[in-house]
Each structure stands twice: as structure tokens, then as C-alpha cells.
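What follows is a short report on a single structure.
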Amino acid sequence: MERPELPLPQLHAFVVLAEELHFGHAAARLGIAQPPLSQQIRRLEEKVGYPLFRRDPGGVTLTPAGRELLPAARRALTDLADALAAARAVGSGEAGRLRIGFSASLALTVLPGLLDTFRQRHPAVRLDVRELTSAPQITALHERTIDVGLLREAPADEPELRFRTVLREPFVAVLPAGHPLAGRRTVRLAQLADEPFVLLPREEGPQLYDRITGLCTDAGFTPRIVQHAVEWQTVCALVGAGLGVSLAPAGIRQLRLRGVAYRRIDPGTARTEVAVAWRGNDPNPLVRHLLAAVGVVGEAQPEVC
């Protein structure tokens, strides 16, 4: 179908004249002189091929062609006004869609408060929240399938991305409830030297994996890893089943699984960092709004002890 070329001033002039049925009144309402209004109507009638108004000494009346065109003209102007308003809302960051990747364990700590703060500030924005481990989030940011990521242990070699620390959490030892060390309030890392370990695969979060194994190395041993699991809940469930022990961010303690004990570790100075990640050159105003919400949540979020 051929698209008609109808300048908006002509369509607007037609609708106003159809409502006023008087050239002088319509011209005054439009804020123009009567001759330019007459020219606009004449050009529109030339495009239609038929008169839209019947000119009478006291005013005008719509012709059948004009009556047929009027509802569509009103819809077109209304749709355009709505589209412009929607475009302005998206452009200002008050509407649109924001795609957020997050590591599953963050649903136990920073994520709920962040989403709640953002939704209160920007209720018209649609949030598309996707559970991804840290490494896939980095890939998704480069591939532009997410706009923002919430991950653990930001990598140091990503010049196109930006990172901001949101939360620092200590680590805890994850033990079977019946383990001899589960009866203690604090576990020295060196006491886990002979234990089998259950950890996340390194490819899912290399920085966090290296952080945990580095803690073991500093304590004088290399962890003997017997089982991998992608999600922390699965890691803890496997520990509860007796497959081994683990080291995990302290927020994992909110997973109250039967047969699992969480204990502080010594030294207790080690922390894992949670960071928000985004593309440095991303002009999306929704990203800036989320970073502002992250600042509020980060100020209100104490270190997990």
C-alpha cells in the first residue's frame, strides 16, 4: 500500500475546521490567518481528490468525503501525540525496558532492595531480570543482551565495561550439620585442608573461584575439589548430602537447608565483592537511573557479618 504524504499541519487544520465549521473561528484557534488555513485545506483536498467541505456564506459543512476522513484524521493525530509522549518518556528514562543480569546468590542480599528502590522511582519502566552467573553476564553485556549486571568479583581486564562495588561480604564455611567442625562457632581455614570441596565451576565465575581457592592457598593447602555445581543452593544441598564442604559468601546463610551448617571462618578479614557492571559507552538513561538506585541501596546495605 502506498503511504500518503500528508503534512501534519494540513491534517490538524482539517480536524480543527471540521470541529469549528467556520474558517475565521478555526484560524483563530490555530493561531494563523485565514488565507493560510484556506491554502492548507485546499492542498489536502487536492491530495484526496474531492472536496472535504462545502463552503457556505455563513460557514462550512463537511462533505461525505470529509465525514469519512474525520475519524481517521483524529486517530492519526491522537496516535502521533501518544507516540511522541511515549518516545519522550523512554528518552528521559521514565519508561522503557531495562534488562538486568544477576548472580543467583544476590537474590538473598542486594537484589530485592535494588529492584524495590528502582520500581518505586520509575514505576513505568519494565524490568527484565535474568539469572546468570558472573562470566555469562560479562558475555551478555558485550553482546548487548543485558544492560546491567550484578555479579561477584569484577574482572580487571574489561576496558569496555565499568564496575562499581555495591556490597562486601565475608565468607563462611559450609559444612554438613553432622561434621565435627559444625559444633564450633568459628572454623580455621587450615582445618579444612583434608576435606573434599564442592565449588562452582571456574568457567561460571573465574574471579570468585580464584578468590576462594586463593584463600585456601593462603591457609597452606590446595582444596581437593570433588564436585562442581552451578548454583550456590545446589552447592549447599550437596554439602548437606555429605559430598564435601565449601566456602561461600555469607549471604548464603539465608538458605536454611536441612543438614547444612554455616560457620564463620578464621581469618575473617576475607571479603567477596558484589559489583554492578555496565557498558561504559551506553547512552541508555535507564542505566543511569539504576546506578543511582544502586547508590541508595549500597548506602543502606551493611556488610554481612
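Around atom CD of E131, more than 12 heavy atoms belonging to other residues, nucleotides or ligands sit under 6.0 Å away. The neighbour count for D194 CG, taken as heavy atoms of other residues, nucleotides or ligands under 6.0 Å away, does not exceed 12. Within a 6.0 Å radius of CD in Q233, no more than 12 heavy atoms belonging to other residues, nucleotides or ligands are found. For R54, the CZ atom sits in a loose shell: 12 or fewer heavy atoms of surrounding residues, nucleotides or ligands are nearer than 6.0 Å. Heavy-atom neighbours of R55 CZ from other residues, nucleotides or ligands within 6.0 Å: above the threshold of 12.
For the atom pair CG of L106 and CG of L167, the computed distance is 8.0 Å after rounding to the nearest 0.5 Å. With rounding to the nearest 0.5 Å, the separation of CG in L52 from OG1 in T61 is 11.5 Å. Between the CD1 atom of I41 and the CD atom of E46 there is a distance of 11.5 Å, given to the nearest 0.5 Å. For the atom pair OG1 of T117 and CZ of R119, the computed distance is 11.5 Å after rounding to the nearest 0.5 Å. Within the model, atoms NZ of K47 and CG of L69 stand 12.5 Å from one another, a figure rounded to the nearest 0.5 Å. Atoms CG and CZ, on L238 and F197 in that order, are 14.5 Å from each other to the nearest 0.5 Å.
At least one side-chain heavy atom of I252 sits less than 4.5 Å from a side-chain heavy atom of S105. Considering only heavy atoms from C-beta on, L151 stays 4.5 Å or farther from L132 through its side chain. You'll find the side chain of L175 reaches within 4.5 Å of the side chain of L192, heavy atoms only. In this structure, the side chains of V235 and L199 stay at 4.5 Å or more apart for every pair of heavy atoms. By the 4.5 Å heavy-atom criterion applied to side chains, E20 and V60 are not counted as neighbours. Proximity of Y262 to V174: side-chain heavy atoms (C-beta onward) are separated by under 4.5 Å at one or more points. The side-chain heavy atoms of S103 and L150, taken from C-beta on, include no pair separated by under 4.5 Å. The shortest side-chain heavy-atom distance between R29 and H22 does not fall under the 4.5 Å cut-off.
For residues 39-72, every residue pair satisfying the ring pair (Phe, Tyr, Trp, His ring centres under 6.0 Å) rule, not counting sequence neighbours, is listed here: F14-F53. For the side-chain hydrogen bond (donor to acceptor under 3.5 Å, both in side chains) condition, the pairs that include at least one residue of residues 206-215, sequence neighbours left out, are R202-D210.
Judged by distance alone, with hydrogens and angles left aside, the side-chain atoms of Q254 form a donor-acceptor pair with the main-chain N or O of L108 at under 3.5 Å.
At a threshold of 4.0 Å, the pair R253-E169 does not count as salt-bridged, since none of the basic side-chain nitrogens sits closer than that to a carboxylate oxygen. Between D147 and R99, at least one side-chain nitrogen of the basic residue sits less than 4.0 Å from a carboxylate oxygen of the acidic one, meeting the salt-bridge criterion. Of the charged side-chain nitrogens involved, at least one lies within less than 4.0 Å of a carboxylate oxygen, so that R130 and D128 count as a salt-bridged pair.
Minimum heavy-atom separation, Q137 to I146: O-CD1, 3.7 Å. Nearest heavy-atom pair, L247 versus C216, reported as atom, atom and distance to 0.1 Å: CD1-SG, 4.0 Å. Taking all atoms of both residues into account, the shortest heavy-atom contact from E203 to A135 is O-CB, 3.2 Å. Across F102 and A107, no two heavy atoms sit closer than the pair CE1-CB, 4.2 Å. The two atoms that bring T234 and A229 nearest to each other are CG2-CB, 3.6 Å, heavy atoms only. Shown here for V276 and V294, the closest heavy-atom pair between the two residues is CG1-CG1, 4.1 Å.
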Derivation and outcome, side-chain contact (heavy atoms from CB on, under 4.5 Å), residues W278 and N284: CA-CA 10 Å; W278 70 99; N284 187 348; over 6 Å; no
Stepwise side-chain contact (heavy atoms from CB on, under 4.5 Å) test for T272 and E153: CA-CA 7 Å; T272 172; E153 303 295 333; 2.9 Å; yes
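Not a single side chain to side chain donor-acceptor pair (under 3.5 Å) links H228 to another residue, sequence neighbours left out.
A donor-acceptor pair shorter than 3.5 Å cannot be found between the side chains of Q40 and H12.
Using the six-membered ring where Trp is involved, H289 and H122 have ring planes that are parallel, under 30° apart on the 30 and 60° scheme.
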